[in-house]
A.B. asks: 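My questions will all concern the structure given below.
Per chain, numbering begins at 1; letters A, B, ... match sequence-line order. Because only heavy atoms are used, hydrogens play no part in the values below, and waters and symmetry mates are left out as well, while side chains stay in.
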Amino acid sequence: MPAGRLLLQTSALNKIICRNAFTAKKRDTSKPNMVRVGLTFGSVVFLWGLLFTQHSNDVQEYKKRNGLE
Amino acid sequence: MKLDLDEAKVLPPPGIVNRNSVWLGFCGWITAVLNNSYSRRPALKAGVHRQALFVTVGWVLGYYCTKFENYVYAKLDRDMNEYVQIHPELFPQKEKKTFAEIVEPFHPIR
């Protein structure tokens, strides 16, 4: 017998009543989704910042290891 | 090949603008444009935020690619030079001749 059968709640009324908190909506493509755009541009700025800090750390490390300070 | 990423820090780091970054950034941009095409949106003008994100991700990956590439080639060069140093008998110095010694005399026939 499949194991799922054992988990079926076959009582007349489920003791734990649950409702889904979400409603389904169709995506609105006529307006820009500002949250998504903001997050995207935010992550773009963040990644560039990471790149520049990583580069300057690398340059610093290189100078330190080769005694070029 | 053993990878010791700590010794790689002795090498000069690549610039922000480097070959792999430019190429992967361009690839990311093309991916975003193709995504627009496939989703039936205007290819270049739509989803600029997406294009920017893909370019940035490609650029960052390219930077780390260049660092890794520099490290691998530096390792290979170091091993090769060590080998040449240890076995000098296998790499004899050729005596250098000037062009004057090699070239035959010129007899013009006009």
A.B. asks: Counting heavy-atom pairs closer than 4.5 Å to chain A, which one of B/Val60, B/Val10, B/Val55 comes out on top?
C.D. replies: B/Val10
A.B. asks: Most heavy-atom pairs under 4.5 angstrom with chain A, which of B/Ala52, B/Gly15, B/Pro12?
C.D. replies: B/Pro12
A.B. asks: Shared ILVMFWY cluster between A/Phe52 and A/Phe41, side chains joined below 4.5 angstrom?
C.D. replies: no
A.B. asks: Distance-only check: which donor-acceptor pairs of chain A and chain B lie under 3.5 Å?
C.D. replies:
residue : atom : partner : partner atom : Å
A/Trp48 : NE1  : B/Thr56 : OG1          : 3.2
A/Gln54 : OE1  : B/Tyr64 : OH           : 3.2
A/His55 : ND1  : B/Pro14 : O            : 3.1
A/His55 : ND1  : B/Tyr63 : OH           : 3.3
A/Asp58 : OD1  : B/Lys67 : NZ           : 3.4
A/Asp58 : OD2  : B/Tyr63 : OH           : 2.8
A/Asp58 : OD2  : B/Lys67 : NZ           : 2.9
A/Arg65 : NH1  : B/Asp6  : O            : 3.0
A/Arg65 : NH2  : B/Asp6  : OD1          : 3.1
A/Asn66 : ND2  : B/Val10 : O            : 3.2

A.B. asks: Do A/Val59 and B/Leu11 share a hydrophobic cluster (ILVMFWY, side-chain heavy atoms under 4.5 Å, transitive)?
C.D. replies: no
A.B. asks: Can you sort out the partners of B/Leu34 under side-chain contact (heavy atoms from CB on, under 4.5 Å), two or more places apart, ordered by chain and number?
C.D. replies: B/Ile30
A.B. asks: Any non-hydrogen side-chain atom of A/Leu51 less than 4.5 Å from a side-chain atom of A/Leu47?
C.D. replies: no
A.B. asks: Would you list the pairs meeting salt bridge (charged side-chain N to carboxylate O under 4.0 Å, His left out) in which at least one residue belongs to residues 21-36 of chain B, sequence neighbours left out?
C.D. replies: none
A.B. asks: Run the side-chain contact (heavy atoms from CB on, under 4.5 Å) test against A/Met34 and tell me which residues pass, sequence neighbours left out.
C.D. replies: A/Pro32, A/Val37
